[in-house]
Amino acid sequence: MKLLCSQDLIDAGYEPGLQMKALLDKVAEYESRGIADPKYALKLLKRDVAPPPPKGVMRENPAPLAQAIVPETKEEKENVEAVKRQMHQLLKTPVIARGVILPDACPSGKEQAVIPVGGAIAVENAIIPSAHSADICCSMFATFYDERSSVAKELDALMSSTRFGPEHRHLDDLVRDPVNDENVWQNRFLTGLRDRARTQIADQGDGNHFAYLGEVDVDEPFLAMLRLTGHGDLADRFTPRRYRVLVTHHGSRSLGAHVFKRGQIAAEKHVARTAQHIPPAAAWIDANSDTGRDYWHALQYVARWTKANHRAIHQRFLERIGSASVAEIGNEHNFVWQRGDTFYHGKGATPAWKDEQGRPQLGLIPLNMAEPILLVLGGDRDEFLSFAPHGAGRNLSRTAMRKKFPDQASRRHAIERSTKDIDVRWYCGKPDLSETPLAYKNAAQVRAQIGEFGLAEIIAEIRPLGCIMAGDSGRSWRDREEELTPKQKRQIQHRAERRRVKQDLMDDF
DNA sequence: ATGTTC
């Protein structure tokens, strides 16, 4: 019987293949020197020839999951079970330390190991693109100002300060992308995207993105709370009275969508090399590699671009109504944040930890268009990874919603009733049932759970006055494609093909 | 989410 056979060496972490012969020769040499203990022989071999680093595989048991949500109805219970199933799949990823689900959690798709909306994870030295979602930097931004006109007139001004919907044209000659001149376009995750970044500034896109007009009563207790928690600089901008507030909610548009796609390719390539059997949604990029650093820098640029996008809209609006910014607050809720060696990923999760100066972070949590937007201070609850929810969460899927209100009349009636106290504009013309308050979870319940779990402290409420949503343009992406002439289709395919070739050439992730 | 769709 041999001292060690090739299977023993493979079990010990050596790669099968050509070098196996040399390893077995080594073993034969040990044997000829009189070594008879296989364990000792393996120890010698590992000293002489280090085996390759072990390949990552999904863990047998998931990392710990904290649950900051209490389901009540049957529907909610089913939702939470689905969310936990998704999280448990994801938490088997070897680089993930722990995770949390927040009061607005809802499942996202059926693919293996996809992080649910309202989920967050702590990842060691790695970035998982899928866990910050395709809509990188989906974020909130608020500007406080003094009212100049009626809500209706200010909403008219807002309608011409931004745009929504699936098309993609430059808004007008006056709008500039203030971060387009940054020296970032050599970054492999950003290269080639400069023009679309420039074109889409002041645009908010589709779906649940919105521009909300509200009002807030700033009072002494609110200002005292800001001062007490290290936000005296913000408090100094206010006097105790009523302010109007413009709040926008959108992400990084096509720029971020492409950065995400490239990041996902890089991650899948990385785990194909260094790990085995990792679901695509769990694929990671090593943060301490050149690719990881490039991806990190690209993400930071996407954050700057998105903030500039919010600001561009707010400035255009204030110019149109002849007012000025008193104060600004904003936060991302789809993103990756580094604290030490840990990369916290949130998909629909509001950062609620203390910053480097020990100040609890300010955050904006919208509920639905007819409810206040909450201004919160982070609760810094480490057991919940120090996140708060990002909104009310969706109760019913878009398709389930349409089934519930099948005919036009019932739909119109339900929409009107749920938005009767506010001025709602649907940018593309028709209301979108799935973005009315009817589609969202019970706002009171989400608020209550923010308090029950100590995720954040609500220090002010921005009351709703009006809102612009993208609305239903009447045609899906697919419809639009079907309307194209065969010649247009060929052109699009040709361009896509050229991009792919270019991408492949560029693509050395 | 996305001038989509490896």
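Residue numbers start from 1 in every chain, and the chains themselves are labelled A, B, ... in the order their sequence lines are given, proteins ahead of strands. Computed from a prediction, not measured in an experiment: that's the story for all the values here.
Rounded to a whole Å, the CD1 atom of A/Ile265 is 13 Å from the C1' atom of B/dT5. The interatomic distance linking A/Arg262 (CZ) with B/dT4 (P) rounds to 13 Å, in whole Å. In this structure, A/Gln200 atom CD and B/dA1 atom C1' are separated by 12 Å, rounded to whole Å. Between A/Gln264 atom CD and B/dT5 atom P there is a gap of 12 Å when expressed in whole angstrom units. When rounded to the nearest whole Å, the span between CG of A/Asn208 and C1' of B/dA1 equals 8 Å. Residue A/Phe260 contributes atom CZ, which lies 13 Å from atom C1' of B/dC6 at whole-angstrom precision.
Residue-level contact check: A/Gly251 touches neither bases nor backbone, having no heavy atom under 4.0 Å from any strand. Heavy atoms of A/Asn334 sit nowhere under 4.0 angstrom from any nucleic acid atom.
Among residue pairs with one or both ends in residues 92-120 of chain A, those qualifying as salt bridge (Lys or Arg N to Asp or Glu O under 4.0 Å) are A/Arg98-A/Asp382; sequence neighbours excluded.
Note on ring orientation: taking the six-membered ring where Trp is involved, the planes of A/His333 and A/His390 are perpendicular (angle over 60°, cut-offs 30° and 60°).
Closest approach to the A/Lys261 side chain among B/dT2, B/dT5, B/dA1 is made by B/dT5 (side chain taken as heavy atoms from C-beta onward).
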Could you list the donor-acceptor pairs under 3.5 angstrom formed by side chains in residues 125-135 of chain A, with sequence neighbours left out?
from, atom 1, to, atom 2, distance (Å)
A/Asn125, OD1, A/Asn288, ND2, 3.4
A/His132, ND1, A/Pro129, O, 3.1
A/His132, NE2, A/Pro129, O, 3.4
A/His132, NE2, A/Tyr295, OH, 2.8
A/Ser133, OG, A/Asp135, N, 3.1
A/Ser133, OG, A/Asn334, ND2, 3.0
A/Asp135, OD2, A/His209, NE2, 3.2

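Salt bridge annotation for A/Asp172-A/Arg316: present, with a cationic side-chain nitrogen under 4.0 angstrom from a carboxylate oxygen.
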